[in-house]
Amino acid sequence: MEKKLLLVDDEEGIRKVLGISLMDMGYEVLTAPDGEEALSVFRLHTPPIVLTDIKMPGIDGIDLLKIIKVENPETEVIMITGHGDMDLAIKSLKLEATDFVTKPINDAVLEIALKRATDRIVMREQLKQYTENLERLVEEKSARLVQLERLTAIHQAVEGLSFAMRNMADDMGENLRHFNEMPCFVSIHNPDLQVVATNVLYRSRLGRGVGDASWAIYTEETAASNACPVCQTFSSGMGQRVRKQIRLKDGSTSTVMVHTAPIRNSSGKMELVLEISVDISEIKRLQDELDTTQRRYQQLFDEAPCYITVQDRNFNMVAANRRFKAEFGDVGDAPCFQIYRQRTEPCLNCPVARTFEDATPHQGEMVVISKAGEQIHLLIGTAPLLNESGQITHVMELSTNITQIRKLQENLSSLGLMMTSISHAVKGMLTALDGGLYRMRSGLKKQDVTLIQDGLEDVQTMADRIRNAVLDILYYAKEREIQPKLTEIQDVIDDIVQIIDPKLMNAPIQWTCRVEPDLGSFMADRGALRTAMINILENAVEACLEDTSKTAHEIGFSVSKDTDAVLFEIRDNGGGMDSDIQDQIFTLFFSSKGQRGTGLGLFIAKKVVQQHQGNIRFQSEKGQGTTFWISIPISLNEPHPDSD
């Protein structure tokens with residue numbers, strides 16, 4: 001792979017320092033101070049990798065990315081961004097940027113991003129080579145198939161000639177010299193079942209001639225007068241067409257197709273029989289070789305480590321290998337967009353459609369759905385299939401499953417976003433903590449008890465938030481499985497109330513707790529379940545405190561039990577959630593609190609409920625409030641599933 005790279009940044013110092021680091025990594029570095037010059041350098045040298053700053057005068061990094069992807073979609077573009085440009089960085093990923101790195105640039109992070117870009121380039125080159133090799137192999141096999149089909153056609157022509165000879169027999173009389181040049185065994189037989197004339201090939205290959213019995217050339221299994229085709233022709237007056245085994249001059253045997261035709265005199269009486277025998281051993285060998293070749297071709301087609309289909313102009317899959325059928329089912333006559341994505345019309349930027357348009361290979365990526373309902377990321381390559389006149393009739397599509405690679409990239413991106421989100425959240429908490437400490441110091445200095453108390457409450461609140469954030473991160477990082485034990489339901493309720501009561505002591509929120517008597521016990525992980533409920537309750541507290549549209553707020557917590565489950569209800573009349581937020585509240589790292597949240601609380605709450613084999617649902621209306629219902633089974637089925 002060509003290790004050439006274009007570095008674009010409007011700061012000369014960054015270009016010099018970063019350029020030295022890149023050259024140490026083995027790259028040939030081209031530089032540009034702005035987007036306009038970068039496009040000129042890119043169009044002149046076409047480097048496979050571009051490293052560009054997002055914010056620049058004139059053509060900025062986002063516009064440069066769009067132009068490069070239009071002119072050369074295979075170019076890998078890595079964005080350089082500041083900590084405050086995270087939205088632009090995420091936008092660049094949606095525009096097919098390979099990755100982004102933040103200032104100040106860490107060499108290790110840069111190497112990882114460059115390696116990811118290099119791996120993508122190498123993968124495309126390998127897929128292209130694989131496609132070209134497979135195309136060449138298909139061409140070779142196709143040529144061999146054509147040759148074998150021609151040999152089969154020769155066999156059919158010989159059979160046709162034999163049929164013609166039967167029709168010509170009446171007109172030939174004794175002029176047998178024409179048969180000497182025929183590539184088959186020709187003989188004439190009289191009613192005494194004796195050979196009266198043969199051609200040269202008959203005598204040279206079989207070692208027999210005039211005067212021999214009509215059945216003498218056949219092997220012991222068929223050497224009988226009543227089984228002789230000539231005898232049957234004399235008996236029935238009809239020509240015969242049978243398969244026989246004959247013995248050659250060297251003692252070997254061969255399979256022949258025997259054709260006989262009666263030769264009649266002018267009065268219509270049968271006087272002689274013409275027998276023409278065609279050696280079909282070579283044809284049978286060629287047919288066996290053809291079958292073997294076809295089986296090997298099919299095996300190659302089926303065992304290829306990717307999905308292979310052949311599609312016509314209507315996008316119908318006329319052939320598919322075994323790996324494809326196992327993942328997506330039998331193709332039948334359904335079009336690819338219906339099988340892949342349950343669509344009713346072709347996909348945009350379909351590489352198969354583009355190959356039909358220009359008869360050249362194309363590549364692309366697509367997310368499809370398997371017959372099991374799973375999403376699969378495919379790296380697709382296409383190749384045209386041409387007929388003898390050079391016209392494209394079908395397109396072969398080769399697809400490689402890169403789902404695991406995409407999941408790894410998503411996990412790395414999620415990890416980066418999580419670290420950014422957590423950093424901002426902790427930074428905000430620490431800032432608020434500093435404010436509380438400042439108020440305490442001011443109160444001590446002024447001997448103001450009220451100011452000291454307010455500062456202490458701020459410190460306590462921020463300490464609780466930091467503690468909860470750290471616990472959520474640890475819970476997520478450890479992939480913790482629950483340890484269920486027989487637990488008194490009231491003990492779990494007491495734990496929850498003991499933690500949430502102090503948070504509501506000085507808050508303008510009415511707190512109501514309703515618990516049915518004699519709830520008994522259930523199988524649960526007391527600590528994990530307590531964490532889940534506290535996360536939901538703390539969100540309710542935040543929703544009430546942030547809602548300024550009402551003068552009075554309340555939070556209700558109730559617990560009851562039915563036949564086989566414990567039912568928890570958490571209700572608040574806070575600000576509620578709109579539909580966009582409702583769709584994402586259980587999504588990892590999503591938070592509606594901005595820098596004050598980590599996006600782990602409700603994700604972990606749902607995970608804990610699912611680990612207890614329970615379910616969680618909610619209802620919310622913007623401006624009215626939110627209600628959560630949690631159902632936990634009293635007894636658990638073994639093993640305890642860890643549903644994520």
Side-chain angles (χ1 to χ4, degrees), residues 372-374 467-468 470-504 511-541 555-572 582-588 590 598-620 625-644:
E374 299 177 352
R467 173 182 175 277
N468 291 336
V470 172
L471 290 177
D472 285 345
I473 294 168
L474 290 175
Y475 193 97
Y476 168 73
K478 291 180 179 179
E479 289 293 332
R480 181 178 180 271
E481 294 187 5
I482 63 172
Q483 302 294 326
K485 296 179 182 179
L486 189 62
T487 304
E488 291 293 328
I489 300 173
Q490 188 62 48
D491 290 344
V492 176
I493 297 171
D494 292 341
D495 289 348
I496 297 170
V497 172
Q498 184 178 4
I499 294 174
I500 206 68
D501 267 348
K503 298 179 181 292
L504 298 171
W511 162 244
T512 304
C513 182
R514 295 186 178 89
V515 180
E516 285 187 359
D518 302 324
L519 290 172
S521 58
F522 66 156
M523 291 297 294
D525 185 321
R526 181 172 173 178
L529 200 56
R530 177 182 64 231
T531 299
M533 299 298 173
I534 291 299
N535 283 342
I536 299 174
L537 282 165
E538 287 185 337
N539 278 357
V541 174
I555 295 176
F557 177 60
S558 62
V559 186
S560 59
K561 186 173 74 170
D562 61 13
T563 306
D564 53 7
V566 182
L567 307 176
F568 296 85
E569 179 182 305
I570 300 173
R571 174 181 50 81
D572 71 76
Q582 292 181 38
D583 291 339
Q584 304 180 73
I585 63 170
F586 295 121
T587 302
L588 182 62
F590 172 77
T598 62
L600 291 172
L602 289 180
F603 170 82
I604 291 174
K606 181 179 180 181
K607 182 173 182 179
V608 169
V609 172
Q610 289 178 332
Q611 286 177 318
H612 281 81
Q613 302 172 14
N615 62 74
I616 179 172
R617 58 190 181 91
F618 71 95
Q619 180 177 340
S620 183
T626 304
T627 302
F628 280 85
W629 295 277
I630 301 98
S631 174
I632 304 295
I634 294 174
S635 59
L636 301 179
N637 299 321
E638 294 290 345
H640 313 300
D642 184 3
S643 301
D644 197 349

To the nearest 0.5 angstrom, please state how far the [atom1] atom of [X] sits from the [atom2] atom of [Y].
X      : Y      : atom1 : atom2 : result
Ser631 : Arg617 : OG    : CZ    : 9.0 Å
Gln582 : Phe618 : CD    : CZ    : 5.0 Å
Ile536 : Glu569 : CD1   : CD    : 12.0 Å
Ile570 : Glu538 : CD1   : CD    : 11.0 Å
Thr531 : Asp525 : OG1   : CG    : 8.5 Å
Ile604 : Gln611 : CD1   : CD    : 10.0 Å

Non-hydrogen atoms of [X] and [Y] that approach each other most closely:
X      : Y      : result
Leu486 : Ser521 : CD1-OG, 3.6 Å
Asn539 : Leu602 : ND2-CG, 3.3 Å
Ala540 : Asp572 : CB-OD2, 3.6 Å
His612 : Met523 : CD2-O, 4.2 Å
Ile489 : Lys561 : CD1-CD, 4.2 Å

Trp629 and Ile616: side chain to side chain contact (heavy atoms under 4.5 Å, CB included), yes or no, with the steps? CA-CA 6 Å; Trp629 295 277; Ile616 179 172; over 6 Å; no
Quick one, Leu529 with Ile632, criterion side chain to side chain contact (heavy atoms under 4.5 Å, CB included). Give me CA distance, side-chain angles, the key distance, then yes/no. CA-CA 10 Å; Leu529 200 56; Ile632 304 295; 4.1 Å; yes
Counting only heavy atoms not in Asp518 (residues, nucleotides, ligands), do more than 12 fall under 6.0 Å from its CG?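 No.
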Taking the side chain as every heavy atom from C-beta outward, state whether [X] and [Y] have any atom pair closer than 4.5 Å.
X      : Y      : value
Phe557 : Arg514 : no
Phe522 : Leu636 : no
Thr512 : Ile555 : no

Under 3.5 Å, side-chain donor or acceptor atoms of residues 492-502 against the rest of the protein: list the pairs with distances, not counting sequence neighbours.
| unit_1 | atom_1 | unit_2 | atom_2 | d |
| --- | --- | --- | --- | --- |
| Asp494 | OD1 | Gln490 | NE2 | 3.0 |
| Asp495 | OD1 | Arg526 | NH2 | 3.1 |
| Asp495 | OD2 | Arg526 | NE | 2.6 |
| Asp495 | OD2 | Arg526 | NH2 | 3.3 |
| Asp495 | OD2 | Arg530 | NH1 | 3.4 |
| Asp501 | OD1 | Trp511 | NE1 | 2.9 |

Which of these passes side chain to side chain contact (heavy atoms under 4.5 Å, CB included) with Val566: Val559, Ile630, Leu519?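 That would be Val559; it is the only one of Val559, Ile630, Leu519 passing the side chain to side chain contact (heavy atoms under 4.5 Å, CB included) with Val566.
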For the pair Gln619 and Thr626, evaluate side chain to side chain contact (heavy atoms under 4.5 Å, CB included) and give the outcome as yes or no after the intermediate values. CA-CA 6 Å; Gln619 180 177 340; Thr626 304; over 6 Å; no
Between the side chain of Thr487 and the main-chain N/O of Lys485, is any donor-acceptor distance below 3.5 Å?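 Such a contact is found between Thr487 side chain and Lys485 backbone.
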